[in-house]
Amino acid sequence: MDMNRVKQIVSSPADIPVYYNGVSVWIDGYDEEKQTAIVHLRDGRTGERRDVPVSELTEERDETNP
């Protein structure tokens, strides 16, 4: 994924599935300078947020990493 797509997803009213290492995440924000996104798990088990490289986010689940 690239930073422009992250911005589109964050500003969209739609619920757009995003994955990090095959795990569904919600994008809370981003840091354009560092090219990172602030995400948390969508399953609600933890409110932990983490910075991840935008390039490692996808809109398709990696079926090799369930």
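Here OH of Tyr19 is found 12.5 Å from CG of Leu57. Values are rounded to the nearest 0.5 Å. The distance from the CD atom of Glu56 to the CD atom of Gln35 is 12.5 Å, given to the nearest 0.5 Å. Atom CG of residue Leu41 and atom CH2 of residue Trp26 lie 13.5 Å apart, to the nearest 0.5 angstrom. Of the inter-residue distances, the one linking Tyr20 atom OH with Met1 atom CE reads 13.0 Å to the nearest 0.5 angstrom. For the atom pair Ser12 OG and Lys7 NZ, the distance stands at 15.5 Å (nearest 0.5 Å).
The 12-atom threshold is not exceeded at CZ of Arg50, counting heavy atoms of other residues, nucleotides or ligands nearer than 6.0 Å.
Under the 4.0 Å criterion applied to side-chain N and carboxylate O atoms, Arg42 and Asp15 are assigned as salt-bridge partners.
The main-chain N or O of Val23 is never found under 3.5 Å from a side-chain atom of Asn21 such that the two would form a donor-acceptor pair.
None of Ile16, Val10, Val54 except one satisfies the side chain to side chain contact (heavy atoms under 4.5 Å, CB included) rule with Ile27; the exception is Val10.
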Walk me through whether Val25 and His40 qualify under side chain to side chain contact (heavy atoms under 4.5 Å, CB included). CA-CA 5 Å; Val25 296; His40 71 270; over 6 Å; no
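A heavy-atom distance below 4.5 Å is found between the side chains of Val18 and Ile9.
A single hydrophobic cluster is seen to contain both Met3 and Val39, as judged by linkage of ILVMFWY side chains at heavy-atom distances under 4.5 Å, directly or through other members.
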